[in-house]
Amino acid sequence: MVEKIHTTLRDSSVARWTALILLASTMFVAYMFIDVLAPLSTMLETSLKWTPDTFGAVAGSEYFLNVFAFFLIFAGIILDRIGVRRAALVSGFLMVIGASIKLYGISDYFNAGGFGYDFFNSFWTGFPGSAKVACIGFAIFGCGVEMAGVTVSKGIVKWFAGKELALAMGLEMAIARLGVFAVFRLSPFLAEKGGVTLSVGVGTLLLLIGLLTFGVYFFFDKKLDAQTEALRAAGDETSQEEEFRISDLKTIFTSKTFMVVAGLCVLFYSAIFPFQKFATGMLESRLGMTTSEASSLFSYFPIGAMILTPLLGWFIDNKGKAASMLMLGSLLMIVCHLIFALTPTESFTFAIALTAIIVLGVSFSLVPASLWPSVPKLVDNKVLGSAYSIIFWIQNIGLMLTPILIGWALKSSNPGIAEQIAAGEAVKYNYTVPMLIFAGFGVAALLLAFYLKALDKKKGFGLELPNIVK
Ligand SMILES: NCCCC[C@H](NC(=O)[C@@H](N)CCCCN)C(=O)O
């Protein structure tokens with residue numbers, strides 16, 4: 001007699017958590033690459049003549065194709081058509097290609113007049129050719145990393161639905177934050193040894209390893225699909241894969257509560273990820289530190305978030321309170337940015353800066369841990385994949401524009417400083433205006449969080465309830 005199979009790899013906790021580790025490892029190196037230049041703004045200004053607005057534009061270019069070419073929306077469609085494992089490989093390839101182009105743009109070979117140098121320096125001469133090439137590469141990398149983000153979210157749901165979903169999402173984000181910590185430590189160290197090219201080169205190599213990790217995941221995913229298909233054929237599995245339909249986009253865009261969450265997401269994240277790009281420069285300026293010291297100090301920010309996010313995910317799974325956590329997270333973010341903006345120079349000590357960074361780390365745990373697992377409560381499961389890609393797309397608009405706005409605000413509120421730095425003078429930027437802008441985003445996020453809690457009370461989405469129903 002042939003024994004019937006009733007379980008799949010999903011039912012093995014070892015297989016489930018191994019799948020998570022494989023997916024999260026690629027996000028670890030991807031998040032490293034995102035911020036590989038973040039601690040090097042000062043070095044880039046002297047070596048490649050990247051002023052703050054140039055630096056901000058390069059940082060913002062990560063989101064350009066996702067936003068203007070609607071790549072993220074297409075990525076959702078592609079993901080739903082070809083499935084998690086193939087989408088993972090596509091996103092991995094895009095990340096490696098984009099990173100290699102960015103590496104070429106900042107390389108000594110290119111900047112010594114290598115292939116394309118004359119062309120890229122022949123137009124819009126106020127913006128260095130190296131930055132133009134870096135922007136092209138980073139925009140392609142950005143398509144890959146955001147597609148990977150949506151794919152990994154869908155992959156986690158695939159393996160953990162009905163099990164430890166919020167904890168798994170929290171752990172995936174924690175591992176990604178560890179990547180940010182690692183890069184804030186590693187990048188200045190490598191740059192001191194071999195210049196910015198070495199930092200970006202190592203980041204690119206790690207992405208190649210990340211692509212291989214997605215390759216290993218491919219086989220896990222294939223096996224799970226084969227087992228699920230066999231169960232379906234045997235009648236033990238009734239659920240069907242939901243297909244992405246263009247008409248589903250309308251239901252999402254017309255859901256008021258979903259749009260409030262998307263608004264909160266874009267405002268909150270615009271005051272976090274773009275801030276990461278300017279934080280090292282701000283700490284250097286406010287505390288009179290070297291790049292390496294400021295970068296080490298700021299590296300505690302993702303570490304706090306790394307420890308707390310999975311714990312809060314566990315809490316939400318078991319106790320709820322997601323809407324209240326969104327409010328508290330926004331409030332803490334305002335406090336932190338106001339400390340950076342308004343504390344007088346003589347009182348702005350190392351301890352104050354560290355406290356503000358830890359407070360921001362707590363905020364960066366509260367909001368992501370509660371926001372992402374709340375989305376399935378607001379939209380039908382049928383449109384969940386599209387909902388994640390739309391929320392990423394709206395968020396990307398903010399992530400793209402904010403570094404440009406902050407770079408411009410920094411330069412405009414410090415007339416003449418860029419020219420003095422270019423001339424080799426030891427002057428520093430004043431970051432008050434940019435930090436007030438970040439605090440303003442926090443205030444708007446807090447107002448939306450209040451509104452969301454009221455909407456939840458009125459419409460009963462259950463945002464305050466635990467995810468696990470006993
Ligand atoms: N499973 C949760 C996925 C979302 C995690 C979230 N990432 C994003 O929102 C990305 N769209 C943007 C990453 C930009 C990095 N500069 C997160 O909290 O990391």
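FYI, side chains are in, hydrogens and waters are out, and symmetry mates aren't considered; it's all heavy atoms of this structure. In each ligand, atom 1 is the first atom listed, and ligand 1 is the first ligand listed. In this text, all values refer to a predicted model and were calculated from it rather than measured experimentally.
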Passing candidate, salt bridge (charged side-chain N to carboxylate O under 4.0 Å, His left out) with D35, options R185, R177, K277: K277
Pair S299-S296, side-chain donor/acceptor within less than 3.5 Å: no
Under 3.5 Å, side-chain donor or acceptor atoms of residues 257-273 against the rest of the protein: list the pairs with distances, not counting sequence neighbours.
residue : atom : partner : partner atom : Å
Y269    : OH   : W372    : NE1          : 2.8
S270    : OG   : V266    : O            : 2.5

Ring geometry between F181 and Y300 (parallel below 30°, tilted from 30 to 60°, perpendicular above 60°): tilted
Give the ring-plane orientation class for W393 versus F253, where under 30° counts as parallel, over 60° as perpendicular and anything between as tilted. perpendicular
Looking at F364 versus F301, is the centre-to-centre ring distance below 6.0 Å? yes
Between the protein and ligand 1, are there any N or O atom pairs that come within less than 3.5 Å of each other, and if so, what are their names and distances?
residue  : atom   : partner : partner atom : Å
ligand 1 : 1 (N)  : S153    : OG           : 3.2
ligand 1 : 1 (N)  : E172    : OE1          : 3.1
ligand 1 : 7 (N)  : Y31     : OH           : 3.0
ligand 1 : 9 (O)  : Q395    : OE1          : 3.4
ligand 1 : 9 (O)  : Q395    : NE2          : 2.6
ligand 1 : 11 (N) : E146    : OE1          : 2.7
ligand 1 : 11 (N) : E146    : OE2          : 3.4
ligand 1 : 11 (N) : Q395    : OE1          : 2.7
ligand 1 : 16 (N) : Y63     : OH           : 3.1
ligand 1 : 18 (O) : R177    : NH2          : 2.7
ligand 1 : 18 (O) : Y269    : OH           : 2.6
ligand 1 : 19 (O) : Y31     : OH           : 2.5
ligand 1 : 19 (O) : R177    : NH1          : 3.0

